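The structure appears below as structure tokens.
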Amino acid sequence: MHNPIKTNIITHSIKRIFEVLPPGYKKRSIRMMLLLLMNSILEMVGLAAFLPLFTVILKEGVTESHHIISKAYQLGGFNSENQFILVLAGLIVFVITFKNIMGLFIIKSQAKFSLSLYQFFAIRLHKYYYQKGFSFFKNTNSNIIMRDVNHETQKFANQMVLPMFNFLTETFILVFILTSLVLYDWRAILLLSFTILPIFLLFYNWVKEKSLKLEKETFRITPKLGRSIFQSIFGYIDVVITNSLRFFQDSISHYLNKQIKLNIKRVVYQQAPTRVIETGMVVTIFIITAYGIFFLPNRAGLAALLGLFALAAYRILPSINRIMLALISIKGHQYTFDIVSQVNDLKTDADEDREEALSIPFQRDISLNKVSFRFPDGHDDVLKNIDVKIKKGEAIGFMGPSGSGKTTLMNLMLGFWKAKDGTFKVDDIVLDESNLKAWHKLVGYVQQEVYLLDATLAENVAFGMPADKIDHAHLEHVLKKTSLWDMVQELPDGVNTQVGERGTRLSGGQRQRIGIARAIYSGAEILFFDEATSALDTETEEDITESIRELTHSNLTIIVIAHRITTLKYCDRIFQVSNGEITRETGYKEIAGEMLGLGD
Ligand code: ADP
Ligand code: MG
């Protein structure tokens, strides 16, 4: 309205909404706004529908004196006023029923619109965060990702876009009512502008910064509460053993308290406009009354003025109320723009399809060529001048003390990190972001901790595959190859046995084998193992090492990190890593002999 800040927030928000809305939604927005406008108009018509009935019932002889009513009376060919009254009452039933059916329909399309907007941004944002890559996921608490993807996108739709539609349609309605009021009696406008409007502006100015602060604080607290709950869930054993449940409960209740305080404030802010406006109304009535007593010649004049104000206020206040609520919401949720606008940086579908379709033929070798690497926040190179060529079908081992850079090297080969200098090549193709997906089609990765889905054993091996698409013949073959078949036969539901959220029903060795089976099921040609067996007892380790050794007879290329030399006994070549450098290349016999010699 007249306040420049308010104009700014509206135009600014409209601009930003238009920047982030995809083209299809822009058209839908306009349709949505027309529907909302229709809703408001229907509400007004619903109220107005009672007027003729009351007029005819209350005013004697109005069917003759009132020019519109008398015309309707004549045109309808009514025989008596009673008949006319009955028809008018029936008309109200029709109008209100129609209004309510339409109202439900409009509510439904509004919900559809906002939920699909939420879905659109939630899916994109999830994808965008994936695109941001490994280091983003490593450094960002999962509760933050959860909040942005699932909650902030919803808030953007429900607390920013919808209120904006409401604001625009209600402003339109308000202007319409004000114009008709001016035509009816300009003094009504004068009354409103000197009473309701200042109260409205005062209240809005008081509440807007508070609302912004409130929503920002909620934004900050939400993931912390989630984190303290999840930590106590995932850390169950440690919590119980260290007897620290109290500590975790304190932290949960600390954040719960904060959140509750914020929610109480929000409830009050949402209820306040109605109360403020009503209070404003009685203040106005007081002023009018005082004015009437001192300046108007008689009571009739005062009554007329009060009547005029009541009529104006009655029409205008619901509109003002909705405008106020919309403004508070729009102001409070400005920050959601920063969250959802990130999807503008998403790769295009065409780019993605191209990457998806690409494949790298792997014929000869993979090579690290004078590769060095440093973490974004690090001071020193964690990998220095690594120069290694691995031929197709070879089994290669990396050995070295903890912290020497073995995992980092493997993550670099897998494309999770980008080299600072040097290149990583598959045959002659330099690996970069554009062909990473193609590279991943070739590889399987078995980590020390195999990640298990809360799903069946079959779904865990055929990772990311819908249950009905699983190739059971292939699955059986893979399970036999990884020595899981006999174990599976003993499970209550065979391959369809649920393995639990964190695979707690499986032993370490079984989880490891599932990891290997997963890599083989996917058709990987190059298998990476990062200390995959180091957490296992010697016997299980030997067992699994034997399974891996059997794999070396197929055409697979195998790259293993191990800290026990015996795990590497099937390796063709072994590289020793120390302090980010490859210090030596040996064979198993040579190094095992030395180590046994040293050990004994
Ligand atoms: P290894 O697997 O040989 O035990 P890593 O490759 O895990 O060693 O770690 C090598 C070095 O890099 C260590 O000094 C470790 O502290 C550091 N490091 C590992 N991950 C990160 C990271 N995300 N950010 C910064 N430094 C890291
Ligand atoms: Mg490691």
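Remember, it's 1-based here, ligands and their atoms both numbered in the order they're listed. Being a predicted model, the structure only gives us computed values, none of them experimental.
Look at S402 and you'll find a heavy atom under 4.0 Å from some atom of ligand 1. Ligand 1 lies within reach of G403, whose nearest heavy atom is under 4.0 Å from it.
Residues F156 and H333 keep their aromatic ring centres 6.0 Å or farther apart. For Y130 and F137, the ring centers are positioned less than 6.0 Å apart. Aromatic ring centres of F424 and W417: separated by at least 6.0 Å.
If you check the side chains of S367 and D365, you find no donor sitting under 3.5 Å from an acceptor.
The closest protein non-hydrogen atom to atom 7 (O) of ligand 1 is T407 CB, 3.7 Å. Counting protein heavy atoms only, atom 18 (N) of ligand 1 is closest to F375 CE1, 3.2 Å.
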Quiz item: Between K441 and E525, does a salt bridge (Lys or Arg N to Asp or Glu O under 4.0 Å) hold up when you go through it step by step?
Solution: CA-CA 9 Å; K441 287 183 201 162; E525 296 179 33; over 6 Å; no
Exercise. With side-chain contact (heavy atoms from CB on, under 4.5 Å) as the test, would you mind laying out the steps for Y129 and D148 before giving the verdict?
Key: CA-CA 10 Å; Y129 283 164; D148 291 359; 2.8 Å; yes
Practice problem: Please report the C-alpha distance between D338 and R16 in whole Å, then the side-chain angles of each, then the deciding distance to 0.1 Å, and finally whether the salt bridge (Lys or Arg N to Asp or Glu O under 4.0 Å) criterion is met. | Solution: CA-CA 10 Å; D338 296 336; R16 294 206 73 179; 3.5 Å; yes
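For the pair R584 and F575, the cation does not sit on the ring face, since its NZ or CZ is not both under 6.0 Å from the ring centre and inside 45° of the axis.
The set of protein atoms (N, O or S) found at less than 2.8 Å from the Mg ion (ligand 2) reads T407 OG1, by chain and number.
Distances between N or O atoms of K406 and those of ligand 1 include at least one value under 3.5 Å. Considering backbone and side-chain atoms alike, S404 places an N or O below 3.5 Å from some N or O of ligand 1. The N/O atoms of E531, backbone and side chain alike, include none that comes under 3.5 Å of an N/O atom in ligand 1.
Of the candidates T408, I561, V577, N139, the one placing a heavy atom closest to atom 6 (O) of ligand 1 is T408.
Taking both residues in full, the closest heavy atoms of Y445 and A519 are given as N-CB, 4.4 Å, listed atom of the first, atom of the second, then distance.
In V382, the part holding a heavy atom less than 4.0 Å from any atom of ligand 1 is the side chain.
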Could you pull out every donor-acceptor pair under 3.5 Å between side chains of residues 481-489 and any protein atom, sequence neighbours left out?
{"from": "T482", "atom 1": "OG1", "to": "V478", "atom 2": "O", "distance (Å)": "2.8"}
{"from": "T482", "atom 1": "OG1", "to": "L479", "atom 2": "O", "distance (Å)": "3.4"}

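In K347, the NZ atom is crowded: over 12 heavy atoms of neighbouring residues, nucleotides or ligands sit closer than 6.0 Å.
Using a 4.0 Å threshold on non-hydrogen atoms, atom 11 (C) of ligand 1 counts as touching the protein.
In summary, the atoms of ligand 1 found under 4.0 Å from a heavy atom of K138, numbered by their order in the structure, are 23 (N).
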